[in-house]
Amino acid sequence: KKKFDPLRWTIERILPEGCYLLSARPKVGKSWFALQCCGAVVSKGGMVLGQIAAFGEALYLANEDNERRFQARIVKHQIQRFGDIDKFFYDTAWPRIGEGGEEAIEQWLKAHPDARLVVVDSLETIRPKRSRAGNVYADDYAATQALKALSDAYKVTILIVCHNKKGKAEIGDPLELISASLGLSGGCDGALIIERPRGSVDAKFYVIGRDIEHEPDDGYVIRFDRASCKWEMVGDAGALACTAAQRGVLDAIRDAGKALNAVMVGKATGRTRQAARHILIQLADTGKLIEVDNSSPLEYALPTEASEA
């Protein structure tokens with residue numbers, strides 16, 4: 001029976017070895033996230049979104065930046081202060097795949113056995129030029145195959161930056177957000193997807209992959225800190241949504257200044273009676289609300305209001 005080496009994580013629970021997409025709308029902060037991953041890798045004890053990063057070398061192919069702008073990004077993230085800058089490499093004019101790009105990455109990997117992460121920013125600047133009469137799915141699938149072969153051969157993570165399409169996923173599948181055919185995601189081991197409304201500091205963060213298990217279906221909520229230009233974890237999106245719903249119910253009862261039943265809460269918060277009743281029970285179970293004795297239909301009050309009644 002064939003034995004396999006244990007899966008190597010570049011960033012625990014987020015990025016294992018393999019070929020992964022990092023997708024978001026333009027100007028949302030995906031390049032900052034990719035740089036944050038590199039900075040964590042070259043820093044002993046470095047972390048991303050609360051998850052530990054493996055220590056090693058990183059290569060960032062910043063083809064969408066010029067030297068001056070990318071240097072400014074490095075300084076902003078203070079990689080030279082908190083990390084081992086000698087383990088961080090970058091280039092702003094990497095050749096395309098099919099024009100020497102994959103061979104150059106392989107040469108770098110051979111010369112740097114401690115490599116853990118290669119960032120390609122962005123896919124469009126390095127992928128083979130599209131064939132005019134080609135099949136879109138086949139072209140997208142082929143665009144990542146040379147990179148996936150390298151990640152498999154050298155057991156590193158190759159993170160490919162690409163873009164989200166406008167609008168929301170049509171069938172509730174975050175992979176549908178990626179601006180490409182499903183051939184692109186199908187040719188990779190997984191994807192990290194950031195969905196952030198313009199102007200908001202909070203975003204949905206989906207972690208999808210063949211080797212990634214037990215991630216919440218609703219994704220996570222992460223927050224972009226404008227001062228440091230780094231992302232931080234807020235929490236499980238489903239749990240946070242529940243908390244927001246509970247907060248809305250508490251605010252409705254507080255604004256009313258009296259005990260309310262499920263019908264009243266539903267009208268005040270725009271929910272059905274059943275949904276409002278479910279949240280009221282949750283709040284009562286945790287002691288944030290109390291049931292009013294002898295009320296029919298059953299009413300709920302804030303503890304302070306009930307004690308004053």
Side-chain angles (χ1 to χ4, degrees), residues 10-11 14-15 18-43 46 48 53 56-112 114-129 143-144 146-148 150-151 154 156-164 178-180 184 188 191-194 196 224-226 228-231:
T10 297
I11 299 171
I14 296 176
L15 271 181
C19 187
Y20 282 78
L21 301 174
L22 170 60
S23 185
R25 294 281 301 278
K27 309 302 180 185
V28 159
K30 56 186 177 295
S31 294
W32 286 115
F33 183 86
L35 184 61
Q36 186 175 345
C37 291
C38 286
V41 166
V42 302
S43 304
V48 177
E57 294 177 306
L59 171 64
Y60 198 117
L61 308 184
N63 280 12
E64 291 197 340
D65 276 308
N66 57 42
E67 184 98 8
R68 180 178 179 179
R69 186 162 55 238
F70 194 73
Q71 280 279 0
R73 285 176 176 257
I74 293 171
V75 172
K76 184 69 174 179
H77 271 200
Q78 302 185 70
I79 294 176
Q80 74 283 2
R81 178 181 176 187
F82 297 110
D84 185 344
I85 198 66
D86 292 333
K87 289 185 176 293
F88 182 59
F89 302 82
Y90 71 92
D91 194 287
T92 58
W94 205 266
R96 287 182 179 274
I97 294 170
E99 299 176 5
E102 65 270 49
E103 291 87 356
I105 293 174
E106 183 164 26
Q107 288 174 8
W108 185 85
L109 289 171
K110 286 180 177 178
H112 297 85
D114 292 331
R116 299 305 298 264
L117 177 62
V118 176
V119 170
V120 176
D121 190 3
S122 66
L123 175 64
E124 285 301 318
T125 66
I126 200 173
R127 69 180 292 166
K129 294 181 179 178
T144 59
L147 297 174
K148 176 165 170 49
L150 289 170
S151 69
Y154 291 91
V156 298
T157 300
I158 296 183
L159 186 61
I160 306 169
V161 178
C162 58
H163 298 294
N164 283 2
I178 299 173
S179 182
L184 188 62
C188 293
L192 310 181
I193 302 169
I194 300 172
R196 183 179 113 176
F224 188 71
D225 181 75
R226 298 186 189 280
S228 65
C229 290
K230 290 185 177 181
W231 290 90

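In this chain, residues are counted from 1 in sequence order.
Put simply, the side chain of Lys230 reaches to within 4.5 Å of the side chain of His77, judged on heavy atoms. Contact of the Tyr90 side chain with the Glu67 side chain is registered, since non-hydrogen atoms from C-beta on lie closer than 4.5 Å. Counting heavy atoms from C-beta outward, Tyr60 and Cys38 have side chains that approach closer than 4.5 Å. Side chains of Lys87 and Asp114 form a contact here, defined as non-hydrogen atoms less than 4.5 Å apart. Side chains of Glu102 and Leu150 form a contact here, defined as non-hydrogen atoms less than 4.5 Å apart. Looking at Ile105 and Leu61, their side chains come closer than 4.5 Å, going by heavy atoms from C-beta outward. Asp225 is not listed as a side-chain neighbour of Trp231, based on a closest heavy-atom distance of 4.5 Å or more. Side-chain atoms of Leu117 and Leu59, non-hydrogen and from C-beta on, never get closer than 4.5 Å to each other.
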Requested in this report: Under the side chain to side chain donor-acceptor pair (under 3.5 Å) rule, what do Asn164 and Ser179 come out as? Steps first, then yes or no, please.
Outcome: CA-CA 5 Å; Asn164 283 2; Ser179 182; over 6 Å; no

Requested in this report: Start with the C-alpha distance between Ser151 and Thr157, add both sets of side-chain angles, then the distance that settles side chain to side chain contact (heavy atoms under 4.5 Å, CB included), and finish with yes or no.
Outcome: CA-CA 6 Å; Ser151 69; Thr157 300; over 6 Å; no

**Report entry** Step-by-step side chain to side chain contact (heavy atoms under 4.5 Å, CB included) determination, Glu57 to Val42
**Finding:** CA-CA 6 Å; Glu57 294 177 306; Val42 302; 5.7 Å; no

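Within a 6.0 Å sphere centred on CZ of Arg68, heavy atoms belonging to other residues, nucleotides or ligands number 12 at most.
In this structure, the separation between CG on Leu109 and CD on Glu106 is 7.5 Å, given to the nearest 0.5 Å. We find the NE2-CZ distance between His163 and Arg25 to be 10.5 Å, quoted to the nearest 0.5 Å. Distance check: Leu35 CG to Cys229 SG gives 10.0 Å after rounding to the nearest 0.5 Å. Atom-to-atom distance recorded for Ser31:OG and Asp65:CG is 6.5 Å, nearest 0.5 angstrom. One finds the OH atom of Tyr20 at 12.0 Å from the CD1 atom of Ile160 (value rounded to the nearest 0.5 Å). Here the NZ atom belonging to Lys76 is positioned 15.5 Å from the CD atom belonging to Gln71, to the nearest 0.5 angstrom.
The main-chain N or O of Gly56 is never found under 3.5 Å from a side-chain atom of Arg116 such that the two would form a donor-acceptor pair. Asn63 places no side-chain N or O within 3.5 Å of a backbone atom of Asp121 that could act as its donor or acceptor partner.
For the side-chain contact (heavy atoms from CB on, under 4.5 Å) criterion with Ile97, the lone passing option out of Ile126, Thr144, Leu123 is Ile126.
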